[in-house]
Structures are given as structure tokens and as C-alpha cells.
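What follows is one structure encoded as C-alpha cells, with my remarks underneath.
Residue indices begin at 1 and follow the sequence shown. Treat the numbers as computed from the prediction; the structure is a model and nothing was measured.
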Amino acid sequence: MKRLTRIPLRVVCLTSALFSATGPALSELPAAALPASIPAGNQYYVSPSGADDHDGRTPRTAWRTIARVNSTTLRPGDILNFEAGRAWTVADGLPLVIGQSGVPGRPVCVRAYGKGAAPKFRCGDGDGITVLDSGWVELSGLSVEGSGVSNTGATTSQGAGIDCKSTGRTTTDEKIEHIVVNRVTVSGCRLGILVQSVPGPAPATNWVGYRDVRITHCEVHHCGAAGIMTWGVTDLGVGLVEHSSGLFPRLGPHIFHSGFYIADTSVHDMYGHNSTDGTYEGANAGTGIHLCNIENALVERCLVRNVGHMGDSFQAVAGFESEASRNLVVQFCEAAGVVSANGVDGCGFDIFDGATHGNVVQYCYSHDNDGGMVEGGSVPDFGGSAVGASEGHVVRFNVSQNDHRRSRPGEQTTGALYFWGSIDRIALYNNTIYLGGAAEPLPRHAVSLRAPLTHSFIANNLFVVGPDADFLFADAPRAALPPFRGNVYWTLGAAPFRITAQKVSYASLAAWRAAGQETLLGAPVGMNVDPRFAAMGRGRDLLPARLVATLSAYDLRRASPLRGAAVNLVGAFGVMPGPVDFHGRLLDIPTLAPGACQPSAAAKAHP
């Protein structure tokens with residue numbers, strides 16, 4: 001077999017170590033490392049029991065109001081301490097504003113003091129905390145509460161709980177450096193945590209973005225448009241562009257934000273915010289984590305659950321969503337209960353849309369979503385075919401259980417792995433797809449291809465389907481079908497073997513091989529056998545109580561026939577399978593099996 005073009009895996013092995021999440025924060029550098037010319041910062045205290053004519057320098061002489069804080073010019077190293085267990089109401093729509101930057105080693109910090117619950121900022125319909133054109137700012141141990149979103153999606157809120165806002169323009173690659181949001185809770189706002197280059201009239205230069213942003217151990221719930229969002233605009237203009245399938249943002253060749261780390265964070269119970277205000281964030285329908293105009297980002301151990309309930313826009317209903325991104329890695333995350341009110345999207349991981357390059361979904365758990373586990377495709381309207389391309393992606397060692405619960409009325413072609421637009425160079429391997437649970441009465445598909453996947457392959461996956469599902473539905477041109485190699489196909493009960501490609505049905509693995517699939521160097525590959533799972537269909541919610549890697553329902557029993565049955569990806573496609581499996585176990589190449597969960601002599605085997 002002719003070797004396919006090598007798929008770039010530049011970011012496949014990214015780990016949290018690259019972002020130094022467990023190492024010392026830059027604000028903890030030893031004093032000897034700090035510039036001698038920068039004086040030590042001041043400590044300021046704020047309490048509802050204080051008074052604004054105090055000096056604010058001790059808990060006993062605390063200030064009282066946010067307005068008093070906003071009137072103070074902060075300097076590098078200054079710390080704003082808000083009393084724990086107390087609350088402030090944002091007056092006249094004016095949030096707490098951090099408008100001055102810190103420096104490396106001496107950020108401007110906002111945090112709690114004393115014992116009790118996190119200090120709460122009641123922000124009504126506006127922003128809770130705004131970080132305006134400022135870097136080296138760290139927020140920790142805080143709570144923001146907006147005016148609320150009803151369970152029908154209705155809200156008067158127009159603000160974000162945390163709004164990091166850049167209004168600057170640049171002729172270079174200038175970035176605002178270092179924002180930390182740690183152990184912050186946001187609820188009842190239109191948007192949870194927003195990092196944005198503010199839209200405006202398109203200038204001759206470009207907008208200033210952000211670099212080194214860390215969002216960790218946060219919770220966003222009961223908000224509207226999105227839980228966590230990055231946003232930028234381009235030299236192509238601002239606003240939305242009409243597309244045959246809805247409204248999409250104008251994108252361009254520029255990436256505004258870089259070096260993001262989002263970890264150990266949950267977004268849940270997002271009812272959706274149906275807006276006609278002409279902004280893309282307003283068109284969202286309750287997406288969990290939505291990253292646009294971004295590169296070199298790592299998202300790990302994050303949970304998105306029960307989102308998108310009432311949103312009625314066509315696009316952007318997903319657990320994890322991205323457009324205009326490069327080198328975005330999502331790993332060890334869980335997406336569950338994503339609901340699409342109109343049956344469109346509703347998927348777990350949708351990070352392969354227009355203008356995306358080199359993105360990865362690995363070691364993730366997706367279950368009980370209206371849409372599939374992953375979706376994506378190029379969108380030429382995103383600034384032209386070159387700009388709007390989707391290319392160079394990897395989807396590997398993930399588990400999908402009972403996704404694709406419904407489809408758009410009249411459209412029954414989505415699937416657990418669903419690609420509605422063309423993609424060049426995507427590797428889909430060692431995923432476990434289980435479609436055995438109840439769903440709407442419609443054909444369900446393990447894989448659905450509506451457009452060509454060029455220089456791509458689908459290998460070593462494990463597909464288990466029930467009576468209402470089939471393995472593949474493809475209406476892409478036959479010549480554009482990617483090679484299927486070493487996959488396992490198993491039907492539950494007396495369900496028939498079903499594959500439909502270019503209006504031709506295949507009722508057996510032998511027939512599929514006769515069409516040129518599941519063969520390698522003239523020999524048959526792929527299997528139609530019971531994989532012998534430990535407890536298929538019984539996967540449950542995991543995060544945040546338990547790590548995704550603890551899921552054992554799709555471990556292989558000792559009697560499984562799949563040990564050593566995987567196709568050699570290096571020989572077939574020139575691609576290394578990676579360092580670990582779904583559980584984080586080091587791969588043993590001689591015993592490599594199809595599917596996400598590998599047999600391990602070191603691990604306790606299921607009988």
C-alpha cells in the first residue's frame with residue numbers, strides 16, 4: 001500500500017509540564033530575581049464593614065466599596081484582599097476594574113482574606129471583574145454572580161463574570177502577558193470567563209492579544225452564551241458573515257492569543273442565550289469552552305456537562321468548541337449531556353471547524369450527547385478556502401458512549417465521528433465508539449462522512465452498535481473515502497452489519513473488504529468479533545469526583561481476541577501511535593489492540 005502523507009503530530013505529546021502548572025508561579029520568584037528598581041507592592045483590604053475614608057492598609061482600616069478600589073492607581077506587586085464570606089453589589093454597572101499591569105515576579109493580585117466562603121461580586125446585568133489592557137494580573141478565590149439565566153434561557157445579563165479585555169492595536173506580534181484565574185466561580189452571567197480583543201472598526205494594524213493565560217480550578221454554571229471563551233477579530237472585518245448553514249464569524253490569517261492553559265475546571269448547566277445582537281458570542285447557544293483566534297493551548301481534566309439546553313442558533317452548540325485555532329490540545333476531559341434544541345451540533349468536541357490547524361483530541365470521555373463525540377470541517381467562507389481550511393488533526397484513544405442521540409429534523413446523517421466539511425490530514429485511531437443506548441428513532445452512525453477526508457486514515461478503532469445504528473454512512477465521493485484499516489466491528493444482539501458508502505450498502509466485513517477497505521498489503525485486516533469489554537454501556541459521570549482515566553467499562557477482558565490485533569500505524573501510515581492509552585498507561589506496541597483502552601500486564605485484568 002502506498003504510504004500516505006505523514007500527518008504532523010507536533011503537538012500530540014503536549015503535557016501540562018510545558019505550561020509549568022505544577023511548578024512555582026512566576027509571582028513566587030525569589031527576591032533576588034526581582035528588578036531592584038521595583039519597590040515592594042502594597043496590601044489593600046476591602047470589607048463591607050470598612051469605610052472608604054480609611055487607608056485600606058490593614059483589615060481594621062479596610063475600604064468599603066468597589067468604587068473606592070477603582071479610584072486607586074495600582075502598582076506592580078499590589079494585592080487587593082476582599083474579606084471572605086462577604087458580598088459586594090456592583091453599582092451603576094461599574095465592575096471591579098483592574099486597569100494597571102504588574103510585572104514578572106510582582107503581579108497585581110485580587111484574592112480573599114480571612115475565613116469563610118469566597119468573596120462574592122454581585123454584578124447584575126454587567127461584568128463582575130474587568131481586567132482592562134493589563135497583564136501580570138492574578139485573580140484567585142473569588143465568586144461572581146450575575147442577574148441569572150432562567151431554565152428557558154431568558155436573561156437580562158449582558159456581561160461576563162470575568163472579562164479580560166484588550167483594546168490595543170499593534171503593527172507587531174505584541175501580546176498582553178500573564179493572566180491567572182484560579183479557584184473562581186461564576187454563575188448567572190451571559191458569559192462566564194471571557195478573554196477578548198475587543199471588536200471595533202477594522203484598523204490598518206492588528207489587535208493586541210493575550211499570551212500566558214491560565215484558568216485553573218474554576219467553576220462556571222447557569223450562564224448563557226458560553227462558559228469560557230476566547231475571542232478576537234481580524235483584518236477581514238468585524239461581525240458575522242452569511243453562510244448557507246447559518247452565521248459564522250469573519251476570520252482571518254492572524255492568531256491573537258497564545259499559550260493558554262485551562263485545567264481542572266468545570267462548566268455545567270448552561271441554558272443557552274439566544275441573541276440577535278449581531279455578535280458571534282451572542283449567537284452561541286450554551287457552549288461550554290469555546291476557543292477562537294488562539295494557538296498553542298492545552299485544555300486538560302476539564303468537565304462540560306448539561307449545556308446548550310435552550311439555545312436555538314445553528315452553530316456553536318458543543319462541549320468544547322474552536323475555530324481559527326492552531327495547536328490546540330484537549331485531553332483527559334469529559335463532555336456529557338450536550339443538548340441541541342434543534343438537533344444540530346450538540347457534540348462533545350468540535351475543535352476541527354474552519355481555520356483550524358494541528359488540533360488534537362486525546363484520552364477524552366464523551367457520552368450521552370445529542371451530537372457526536374467529535375465533529376468538524378473546513379468552512380471556505382471563513383476568509384477564503386486557504387484561511388478556512390481544517391487540516392493536520394488527530395483524534396485518538398478516546399471513548400464515546402451513547403453519543404448521537406438525535407439529529408436535525410430531516411437530516412439523519414450525523415454520527416459519533418461526524419465530518420460535514422472537508423478535512424486534509426486527520427488521523428482517527430484507537431477510539432472506542434459504543435452506540436447501544438436508547439435514542440430518538442433515527443439511524444445512528446458510528447462514523448458519518450459528508451465530505452472528503454484527504455490524506456487521512458481511520459484505523460484501529462472499536463465500533464460497537466445496536467439495532468438502530470450502523471458503522472458508517474458516507475456520501476462523500478467514493479475516491480475521497482479515507483482508508484479503513486484494522487478496525488473492529490461488532491453488533492449487539494441480532495443487529496445486522498451495516499455500512500453505506502456512496503449509496504452502496506455493505507452487509508458484511510467481507511463485502512467491505514471487497515470494496516478495497518480493511519486490507520493491507522493484500523492481506524485482510526479488521527475484525528468482526530465481540531471485543532469482550534468489562535462492562536460496556538455502563539460508563540458513568542466521572543469528573544470532577546474521579547479522573548477520566550479511571551473509567552473501566554471499556555477495558556478488555558483477559559479472553560478478548562483483540563490483544564495484538566492492531567495494525568502497525570508506523571508501517572501503514574508513518575505515524576507513531578503515541579506514548580500512552582486512554583488510562584495513561586505506556587503503550588506496549590507488540591500487544592497493541594484496537595480501541596482506546598489497552599491490555600496491560602501491569603494492570604489488573606478483568607476475568
Side-chain angles (χ1 to χ4, degrees), residues 336-337 347-348 365-374 397-407 412-418 428 430-449 458-474 484 486-501 505-513 517-518 525-541 551-563 565-566 582 593-599 606-607:
C347 59
Y365 176 36
S366 175
H367 62 99
D368 303 295
N369 299 303
D370 278 4
M373 177 176 73
V374 299
F397 293 102
N398 304 287
V399 172
S400 169
Q401 175 182 284
N402 293 330
D403 287 324
H404 186 203
R405 297 187 303 185
R406 62 183 305 202
S407 287
Q412 300 179 347
T413 55
T414 59
L417 302 176
Y418 174 44
L428 299 147
N430 283 97
N431 301 286
T432 294
I433 309 296
Y434 175 86
L435 293 177
E440 288 187 357
L442 53 82
R444 304 170 76 195
H445 314 293
V447 182
S448 178
L449 305 179
I458 299 176
N460 293 341
N461 299 288
L462 213 167
F463 303 125
V464 177
V465 302
D468 65 341
D470 53 28
F471 296 115
L472 169 67
F473 178 90
F484 285 69
N487 301 288
V488 174
Y489 308 83
W490 182 244
T491 58
L492 300 174
F497 184 107
R498 285 197 299 253
I499 286 177
T500 302
S505 296
Y506 302 90
S508 68
L509 180 57
W512 186 226
R513 286 176 179 147
Q517 297 289 1
E518 296 299 355
V525 293
M527 304 174 76
N528 181 202
V529 297
D530 184 350
R532 300 296 302 274
F533 287 130
M536 65 179 176
R538 298 181 185 176
R540 300 182 182 276
D541 292 341
L551 176 70
S552 61
Y554 296 93
D555 286 351
L556 300 176
R557 296 181 181 272
R558 282 197 295 262
S560 172
L562 303 188
R563 182 183 292 267
F582 176 84
C597 304
Q598 296 298 302
H606 293 275

Taking only residues two or more places apart in sequence or in another chain, which ones pass side chain to side chain contact (heavy atoms under 4.5 Å, CB included) with [X]?
X	value
A510	S508
A565	M527, P594
R538	A535

Within the side chain of [X], is there an N or O that forms a donor-acceptor pair under 3.5 Å with the backbone of [Y]?
X	Y	result
R557	A534	yes
N461	A459	yes
N402	G436	yes
T432	L462	no
R513	G526	yes
E518	W512	no

Please enumerate all residues that pass side-chain hydrogen bond (donor to acceptor under 3.5 Å, both in side chains) together with [X], with sequence neighbours excluded.
X	value
D470	H445
Q401	Y554
D541	H367
D403	S366, N369, S400

So do [Y] and [X] actually touch side chain to side chain, heavy atoms under 4.5 Å?
X	Y	answer
M373	N431	yes
Y418	V374	no
F533	W490	no

Contact summary for [X] and [Y], nearest pair of heavy atoms:
X	Y	answer
G337	R405	CA-NH2, 4.4 Å
P599	R563	CB-NH2, 3.3 Å
N398	A596	O-CB, 3.4 Å
P561	V529	CG-CG2, 3.8 Å

### Query
F471 vs F497 aromatic rings, parallel, tilted or perpendicular, using cut-offs 30° and 60°?
tilted
### Task
Apply ring-ring contact (aromatic ring centres under 6.0 Å, His included) to F582 and list each qualifying residue two or more places apart in sequence or on a separate chain.
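Listed in chain order: nothing, the list is empty.
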### Message
Please tell me whether Q517 and Y506 have a donor and an acceptor in their side chains that are separated by less than 3.5 angstrom.
### Response
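Result is no, nothing qualifies.
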